[in-house]
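First the structure, in the form of structure tokens, and then the observations on it.
FYI, the numbering just counts along the sequence from 1. Counting starts at 1 for both ligands and their atoms, in listed order.
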Amino acid sequence: MTDDSARGLAPSTRAVTTGRPAAEPGAPVNPPIVMSSTYHAGGAPEYGREGNPTWWAFEEAVADLEGAAGALCFASGIAAIDAVLDLVPAGGVVVAPAHPYSNTRARLHELHTGGRIVLREYVAGPDADIAEALDGAHLLWVESPTNPLLQVSDVVALARHAKACGALTAVDSTFSSPYCAQPLTWGADIVVHSATKYIAGHSDLLMGVLAAQDADLLAALKFRRVMNGSVSSPFEAWLALRGVRTLAVRMERHLANAAVIAERLRAHPKVDGVRWPGFADHPGHALALATTGPCAIVGFEAGTPEQAEAICQSTTLWTHATSIGGVESLIERRARYAFEHPDLPPSLIRLSVGIEDAEDLWHDLEGAIDRCVP
Ligand SMILES: Cc1ncc(COP(=O)(O)O)c(C=O)c1O
């Protein structure tokens, strides 16, 4: 669909130009939503679980932004993650961060406890030590920055190390979005996103997507999608592609707002432990600058867990809800979930900084902190 010469264009341009139908007289500018479970015999796809033209348009756009040979969309981010974990042979070793997204961790532990995989955990960060854990490993899982502790790892070094040990590297790059990070170009084999977040960008759908360079790897992952039936609706793929069109402008605004909110939080006398890779003293700052950029998620602690919870319930512009990456700002105390890692500070509040006016956001948040923390 897209002219290969687009590869030389800036990401913000490619986000607008990729995944379009051929420019022919009378052809639509946008890909149509193809609602069909089956297709006339003799072509591809034959059946809706194998492929869909609207998925293809979205997948082409993600592959283009990630610098990948191909991409595959899934029913959700966790479905895409599961397809990758399915590639590990029975009893195979997976090396993964100790504090990744809660359901990634839950799934890894479930597979480990059931004897399907052997899980070896490492502490993510610039100095993540995986040397011993990688011995005999099949898959290295990386999440950078991590949810919600915002640990930034050296994807280039980790992927190089994994390759030398014969392990595949998969990176959950959801917090960076394909606008800020291209882990495949840094040596990873697979990049995974919850497209529910920044890619779609409007908190109105669930989707996952992964991208890879290797044709055999893509074919194996596609087979997992067919077998698991973890397919996306064509309408959601269409909406997600519409989200891709504005990814660059949204990310720029998310990042600019996050910088304002993080700095103001740090200067607030009732606030502690502000986490944001954009701070010069964040352990992952140099790496973040060199690779992903600072990210638009900010963490902070304020008062007791009860007071932190009250802050989340007291804001009016910041919506008290889980998830990240939509245009609207969200606030949540992650330790409210019993399934979250016990290491999380109980008063840690995660902010998904949206694209509203930064002063309005700060005014609302500051008011909530001042009301709820004596
Ligand atoms: C980093 C990360 N990866 C994966 C997922 C799972 O995505 P989904 O909710 O689309 O299944 C999430 C969801 O919050 C996430 O934050």
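A cation-pi arrangement is absent between R275 and F300 under the rule of less than 6.0 angstrom and at most 45 degrees off the ring axis.
With a 4.0 Å heavy-atom cut-off, ligand 1 is reached by no atom of N103. Residue T196 touches ligand 1 through its side chain alone, judged by heavy-atom distances below 4.0 Å.
There is a path of hydrophobic side-chain contacts, each under 4.5 Å, that joins V142 to V156.
The existence of a salt bridge linking R107 and E110 is confirmed by a sub-4.0 Å separation between a basic side-chain nitrogen and an acidic carboxylate oxygen. Remark: R225 does not engage D82 in a salt bridge, criterion side-chain N to carboxylate O under 4.0 Å.
Judged by the shortest distance from any of its heavy atoms, T104 lies outside the 4.0 Å radius around the atoms of ligand 1. At least one heavy atom of K197 sits closer than 4.0 Å to an atom of ligand 1.
Residues in residues 338-368 take part in these ring pair (Phe, Tyr, Trp, His ring centres under 6.0 Å) pairs, two or more places apart or across chains: H99-H341, Y337-F339.
Checking only distances, E143 never comes within under 3.5 Å of ligand 1, N or O to N or O. At a 3.5 angstrom cut-off on N or O pairs, F175 does not count as close to ligand 1. Residue I324 places no N or O, backbone or side chain, under 3.5 Å from any N or O of ligand 1.
Among protein heavy atoms, atom 16 (O) of ligand 1 sits closest to N147 ND2, 2.9 Å.
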